[in-house]
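Report on one structure; see the data block that follows.
Just so it is clear, the structure is predicted and the values come from calculations on it, not from any experiment.
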Amino acid sequence: MSATEPLLVACLCAAWCGTCRDYEPLFDSLRAEHPGAQFAWVDIEDNDEVLGPIDVENFPTLLIARGDRPLFFGTVLPHLQTLSRLVQSATEGNLPGVREMGLEGMPARIRALQVDSA
């Protein structure tokens, strides 16, 4: 894994989720602070194909990946400070990565979704 590979920060959410709706502007506010990272807001009901075999049951669920290697995957409290610390840790190379079955290829599918919707 190279530090030059793009960092992906994806929030997996659902349109009906009030917490997600409240969290989206906070999530979007970090884009300006991390111009080298790609931020993606993914409605999992409209784009369930990006999940593969993974079931997302709690919101907001974040995926942070460098290239196609997941560094973090999980539900977090919808606080800007929590997301900011996670992104900073990933940028600095301080997230060890996760090896959860089913995450293979998810970062690439999310990136492809972003390109298709552009």
Side-chain angles (χ1 to χ4, degrees):
M1 174 179 70
S2 167
T4 61
E5 291 181 284
L7 187 67
L8 172 67
V9 182
C11 186
L12 308 175
C13 59
W16 54 261
C17 174
T19 301
C20 294
R21 284 192 305 271
D22 293 344
Y23 189 52
E24 188 172 13
L26 301 175
F27 182 86
D28 287 340
S29 72
L30 278 184
R31 289 178 200 259
E33 293 180 34
H34 300 278
Q38 179 182 12
F39 283 72
W41 190 263
V42 181
D43 186 315
I44 63 165
E45 292 185 338
D46 291 341
N47 303 288
D48 63 337
E49 70 279 1
V50 303
L51 298 179
I54 296 289
D55 285 326
V56 173
E57 298 175 2
N58 297 300
F59 303 105
T61 293
L62 294 178
L63 169 69
I64 300 176
R66 171 116 15 232
D68 203 37
R69 181 171 180 250
L71 303 174
F72 177 86
F73 181 75
T75 306
V76 297
L77 293 174
H79 299 133
L80 181 61
Q81 299 83 0
T82 302
L83 177 59
S84 183
R85 281 194 307 269
L86 281 168
V87 173
Q88 190 61 40
S89 291
T91 300
E92 295 170 354
N94 295 328
L95 290 180
V98 293
R99 295 188 186 273
E100 185 169 329
M101 294 297 293
L103 287 179
E104 301 85 7
M106 187 186 292
R109 290 190 299 272
I110 291 172
R111 283 191 178 94
L113 176 69
Q114 298 302 300
V115 169
D116 290 345
S117 66

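When all heavy atoms are compared, the tightest approach of R31 to F39 is NH1-O, 3.1 Å. D68 and A108 get closest at one heavy-atom pair: OD1-N, 3.3 Å. Shortest non-hydrogen contact noted between E49 and L113 is OE2-CD1, 4.1 Å. The heavy-atom pair separating G97 from R69 by the smallest distance is CA-NH2, 3.8 Å.
Contact check for E24 versus C13: no side-chain heavy atoms found under the 4.5 Å cut-off. Within the 4.5 Å cutoff, the side chain of V50 has heavy atoms near those of the V42 side chain. Side-chain contact check for L7 versus I64: some heavy-atom pair is nearer than 4.5 Å. Between F73 and T61, the closest side-chain pair of non-hydrogen atoms falls below 4.5 Å.
No donor-acceptor pair under 3.5 Å is formed between the side chain of R111 and the backbone N or O of A40. Under a 3.5 Å cut-off, the side chain of S29 and the backbone N or O of L26 do form a donor-acceptor pair. With hydrogens and angles disregarded, a donor-acceptor distance shorter than 3.5 Å links the side chain of E104 to the backbone of G102.
Within the model, atoms CG of L71 and CG of L95 stand 5.5 Å from one another, a figure rounded to the nearest 0.5 Å. Separating the CG atom in L63 from the CZ atom in R109 is a distance of 10.0 Å, to the nearest 0.5 Å. We find the CZ-CG distance between F27 and L80 to be 11.0 Å, quoted to the nearest 0.5 Å. Here I54 contributes atom CD1 and L12 contributes atom CG; the two are 10.0 Å apart, rounded to the nearest 0.5 Å. Taking CH2 of W41 as the reference point, atom SG of C20 lies at 5.5 Å (rounded to 0.5 Å).
None of L8, N47, L51 except one satisfies the side-chain contact (heavy atoms from CB on, under 4.5 Å) rule with I110; the exception is L8.
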**OP:** For side-chain contact (heavy atoms from CB on, under 4.5 Å), just list the numbers for L83 and V76, CA-CA rounded to whole Å, side-chain angles, deciding distance to a tenth of an Å, and then say yes or no.
**Re:** CA-CA 8 Å; L83 177 59; V76 297; over 6 Å; no
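Classification of the F59-W16 ring pair by plane angle, with boundaries at 30° and 60°, yields perpendicular.
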